[in-house]
Student: 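Please see the structure below; I have some questions.
Throughout, a chain's letter reflects where its sequence line sits, starting with A, and its residues are numbered from 1.
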Amino acid sequence: MPACPIGTYEILHEEAHTGARVGRLWTKHGPVETPVFMPVGTQATVKTLAADDLETLGASIILGNTYHLMLRPGMEIMEQLGGLHAFQDWKGPLLTDSGGFQVFSLSSLRKITEDGVAFQSHIDGKRLFMGPKESMAVQRVLGSDIAMLFDECIPYPSEESYVARSVEQTLRWAKLCLQQPRAEGQLYFGIVQGSEFGHLRKHCALELAAMRNDGLDGFAVGGVSVGEPEPFIMKGISDSVPFLPLDRPRYVMGLGDLWQMTQAVGMGCDMFDCVIPTRNARNGSAFTNDGPYPVKAGAWKASPLPVEPGCTCPCCSRYSRGYVRHLLNTSELLAYRLLTLHNIHCYLRFMERMRDAIKSDCFTEFKAEAFARLRESPKRGHY
RNA sequence: GCGAAAGUAGCUCAGUUGGUAGAGCCCCAGAUUGUGGAUCUGGUUGUCGCGGGAUCGUGCCCCGUCUUUCGCC
């Protein structure tokens with residue numbers, strides 16, 4: 001596999017019957033084959049996992065978060081310790097969220113101005129400020145392979161007039177972000193907003209697409225998966241994606257339901273991240289190819305079966321469901337780790353099979369089977 | 001042996017001057033979408049130690065009894 005220049009996005013195969021495609025994005029820390037699921041490692045760790053666990057599972061790219069890492073440990077320490085890759089000893093590609101979402105979802109006393117957002121830390125109440133310049137400066141120090149442009153992620157539902165103003169703000173910020181200096185080899189991804197309003201999504205997508213020659217390397221659909229009903233999520237995606245360049249990666253932020261990702265891939269989306277597999281692991285739910293089910297349920301108290309029969313992950317290849325259930329029941333730390341290992345493994349293998357299906361032009365069949373298993377008649381663990 | 005206190009949900013305990021038995025935890029179920037191992041929402045559970053008595057009516061009053069804990073011989 002000959003190396004390509006950083007930022008290259010190769011379309012390796014377009015599926016014959018749908019908009020699905022398999023691609024390869026070249027980053028400073030190596031290539032990422034898409035469609036890809038990116039485990040979320042907000043605070044410089046995918047919770048409960050170490051870098052070598054992620055290597056074992058075969059994760060090709062993970063996330064880190066600007067907002068959280070800026071608050072702790074802070075950029076001074078991050079700089080002293082050589083950036084985010086060195087800090088957590090992750091040798092693969094890293095994507096950092098801009099902090100735009102967290103400023104709106106976690107902090108209090110927000111005041112939005114043309115320059116950015118004044119807010120209070122959710123940790124100690126300290127008054128801070130983050131705008132396009134600040135966010136990109138932090139991401140530069142973090143040294144991520146992909147940095148997200150600072151955007152305004154508004155709640156659902158929001159008034160159309162407010163959404164319209166917000167989209168303009170996000171676009172002005174995007175232009176400013178692109179003028180900021182970046183870490184060597186760092187790619188910049190812009191974010192389409194517009195909430196449930198199709199014409200605003202289209203406008204935002206077209207304006208961002210026009211910035212591709214100003215250094216925009218990829219495109220994301222934002223403002224979905226923020227609590228709205230599923231039909232609105234899919235509409236937000238279908239209202240945005242058709243107006244984005246075909247030859248650049250499309251990233252749907254926060255989307256991570258297996259079936260929803262399958263549908264999005266069918267619309268031509270390439271990258272996903274979500275806290276569901278890791279968070280739900282810590283709440284006692286396992287994901288399987290037949291849908292999610294609660295391992296913590298008393299029904300599995302004495303089950304000798306693995307969490308998912310046939311699974312080859314470090315959890316299933318060694319431990320019983322009854323054991324994992326016991327660990328959950330007693331709040332043992334190992335429970336969270338084992339289920340996180342399983343859920344990430346499940347997600348990564350699911351995406352791998354999806355890529356294979358696309359390459360062999362049978363994505364339609366893959367999608368039908370996924371629908372049957374995940375939505376039509378999920379087994380919910382009753383094997 | 002004597003004295004005192006306490007017996008109410010699986011656990012820890014509330015329960016007004018007598019008027020249809022409660023909370024927290026646990027357990028069970030559900031939620032969780034650019035991460036708070038956080039949180040939220042529902043749900044099950046009782047011979048009020050036992051036996052008498054007074055009362056229209058008692059977890060509560062009276063008598064007896066059993067058990068536990070503590071103190072004293």
Side-chain angles (χ1 to χ4, degrees), chain A residues 37-49 61-69 71-72 94-107 121-124 135 139 144 146-156 170 189-193 218-230 232-234 236-237 251-261 263-264 269 271-285 287 292-301 325 327-340 343-344 347 380-381:
Chain A
F37 176 77
M38 307 181 283
V40 179
T42 304
Q43 320 217 51
T45 167
V46 174
K47 291 186 192 297
T48 77
L49 302 186
I61 174 171
I62 63 173
L63 259 68
N65 192 279
T66 299
Y67 173 89
H68 291 275
L69 295 169
L71 296 182
R72 292 184 302 198
L94 254 168
L95 181 150
T96 45
D97 189 14
S98 67
F101 178 79
Q102 285 70 28
V103 163
F104 292 94
S105 66
L106 292 178
S107 65
S121 159
H122 75 290
I123 296 165
D124 60 6
S135 175
Q139 293 185 81
S144 51
I146 301 172
M148 301 305 297
L149 304 192
F150 187 76
D151 66 332
E152 182 183 2
C153 187
I154 57 173
Y156 173 90
T170 289
F189 276 33
I191 306 172
V192 179
Q193 292 290 345
F219 299 86
V221 178
V224 297
S225 310
V226 290
E228 73 278 25
E230 182 174 87
F232 287 86
I233 296 178
M234 302 326 293
I237 297 170
Y251 163 28
V252 184
M253 307 186 77
L255 194 78
D257 175 274
L258 293 175
W259 170 241
Q260 289 171 6
M261 284 195 293
Q263 289 178 281
C269 298
M271 302 166 70
F272 307 91
D273 81 281
C274 190
V275 303
I276 279 183
T278 42
R279 176 188 288 165
N280 287 22
R282 300 192 303 276
N283 287 330
S285 281
F287 285 89
Y293 79 95
V295 179
K296 65 181 174 182
W300 311 122
K301 213 174 285 186
R325 194 264 173 191
L327 296 176
L328 285 166
N329 197 241
T330 49
S331 303
E332 282 293 340
L333 301 182
L334 183 58
Y336 311 124
R337 177 174 158 72
L338 290 179
L339 271 189
T340 300
N343 284 351
I344 294 295
Y347 265 59
R380 299 187 62 77

Student: Between A:Asp257 (CG) and B:rG34 (P), how many Å, whole number?
Tutor: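 Going from CG in A:Asp257 over to P in B:rG34 covers 12 Å.
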
Student: Watson-Crick or G-U wobble partner for B:rG37, using a 3.5 Å limit on both distances?
Tutor: none

Student: For A:Gly41, answer base if it contacts any base atom (sugar-phosphate contacts may also be present), sugar-phosphate if it contacts only those atoms, and nothing otherwise; contact means non-hydrogen atoms under 4.0 Å.
Tutor: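 No contact at all - A:Gly41 keeps every heavy atom at 4.0 Å or more from the nucleic acid.
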
Student: Report the base-pairing partner of B:rG59 (Watson-Crick or G-U wobble, both distances below 3.5 angstrom), or none.
Tutor: none

Student: Name the nucleic acid region contacted by A:Gln260, choosing base, sugar-phosphate or nothing; use a 4.0 angstrom heavy-atom cut-off, strictly under.
Tutor: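 Base, at least one base atom sits under 4.0 Å.
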
Student: What is the nucleic acid contact for A:Asp151, judged by heavy atoms within less than 4.0 Å: base, sugar-phosphate only, or nothing?
Tutor: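 A:Asp151: base contact, heavy atoms under 4.0 Å.
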
Student: Mind checking who B:rG43 pairs with, Watson-Crick or G-U wobble, both distances under 3.5 Å?
Tutor: B:rC27

Student: A:Ser331 near the nucleic acid: base, sugar-phosphate alone, or nothing, with a heavy-atom cut-off under 4.0 Å?
Tutor: nothing

Student: Judged by atom type as modelled, is there a donor-acceptor pair below 3.5 Å linking the side chain of A:Gln193 to the main-chain atoms of A:Ile191?
Tutor: no

Student: Hey, could you give me the OG1/CE distance between A:Thr66 and A:Met148, rounded to the nearest 0.5 Å?
Tutor: 10.0 Å

Student: In whole Å, I'd like the distance from the CG atom of A:Leu69 to the P atom of B:rG36.
Tutor: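 Taking CG of A:Leu69 and P of B:rG36, I get 12 Å after rounding.
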
Student: Under 4.0 Å between any heavy atoms, over every strand shown, what does A:Ala220 touch: base, sugar-phosphate, or nothing? Just pick one.
Tutor: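 Counting heavy atoms under 4.0 Å across all strands, no contact is made by A:Ala220.
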
Student: Look at A:Asn329 and B:rC27 and indicate whether a side-chain polar atom (N or O) is within less than 4.0 Å of OP1 or OP2.
Tutor: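 Checking A:Asn329 against B:rC27: at least one side-chain N or O falls below 4.0 Å of OP1 or OP2.
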
Student: Of all the heavy-atom pairs spanning A:Ser135 and A:Phe150, show the shortest one and how long it is.
Tutor: CB-CD1, 3.7 Å

Student: So which nucleotide does B:rG64 pair with, by the Watson-Crick or G-U wobble rule with both distances under 3.5 Å?
Tutor: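 Pairing partner, where one exists within any strand: B:rC50.
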
Student: With both distances kept under 3.5 Å, what pairs with B:rC70, Watson-Crick or G-U wobble?
Tutor: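 When the pairing criteria are applied, B:rG3 turns out to be the nucleotide that pairs with B:rC70.
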
Student: Between A:Ile62 (CD1) and B:rG34 (P), how many Å, whole number?
Tutor: 16 Å

Student: Locate the shortest heavy-atom distance separating A:Phe101 from A:Cys153; write the atom from each residue and the value.
Tutor: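 Taking every non-hydrogen atom into account, CD1-SG, 3.6 Å.
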
Student: Please report, rounded to the nearest Å, how far the C1' atom of B:rG34 is from the NZ atom of A:Lys47.
Tutor: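 Atom-to-atom, A:Lys47 to B:rG34, this comes out as 14 Å.
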
Student: Please give, in whole Å, the distance from B:rU33 C1' to A:Met253 CE?
Tutor: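 That distance rounds to 12 Å.
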
Student: Which nucleotide, if any, forms a Watson-Crick or G-U wobble pair with B:rU20, using both distances under 3.5 Å?
Tutor: none

Student: For nucleotides B:rA9 and B:rC70, find the distance between their C1' atoms and express it as a whole number of Å.
Tutor: 27 Å

Student: B:rG36 phosphate, OP1 or OP2: any side-chain N/O from A:His68 under 4.0 angstrom?
Tutor: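 Yes, A:His68 has a side-chain N/O under 4.0 Å of OP1/OP2 on B:rG36.
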
Student: Just the rounded figure in Å: distance from P of B:rC28 to CH2 of A:Trp300.
Tutor: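 After rounding, the reported distance stands at 14 Å.
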
Student: B:rG7 and B:rG59: how far apart are their P atoms, nearest whole angstrom?
Tutor: 15 Å

Student: What nucleic acid atoms does A:Ile191 come within less than 4.0 Å of, heavy atoms only: base, sugar-phosphate, or nothing?
Tutor: base

Student: Nearest heavy-atom pair of A:Cys274 and A:Val40: which atoms, and what distance?
Tutor: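 What the structure gives for the nearest pair is O-CG2, 3.4 Å.
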
Student: Answer with base, sugar-phosphate or nothing: what part of the nucleic acid does A:Gln193 contact at a heavy-atom distance below 4.0 Å?
Tutor: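 The residue A:Gln193 makes base contact.
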
Student: Taking the P atom of each, how far is B:rC25 from B:rA21, in whole Å?
Tutor: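 It comes out at 24 Å once rounded to the nearest Å.
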
Student: What is the minimum heavy-atom distance between A:Pro277 and A:Phe37, and which atoms define it?
Tutor: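 Closest heavy-atom pair between A:Pro277 and A:Phe37: CG-CZ, 3.6 Å.
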
Student: Taking atom types as they are modelled, is there a donor-acceptor pair under 3.5 Å from the base of B:rU32 to the side chain of A:Asn283?
Tutor: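 By the distance-only test, yes, there is a pair.
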
Student: Between A:Glu228 (CD) and B:rU33 (P), how many Å, whole number?
Tutor: 10 Å

Student: Please report, rounded to the nearest Å, how far the P atom of B:rG30 is from the CG atom of A:Asn280.
Tutor: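 Whole-Å distance recorded here is 12 Å.
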
Student: Give a yes/no answer on whether the side chain of A:Arg279 brings an N or O atom under 4.0 Å of OP1 or OP2 in B:rU33.
Tutor: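 Affirmative; the distance criterion is met.
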
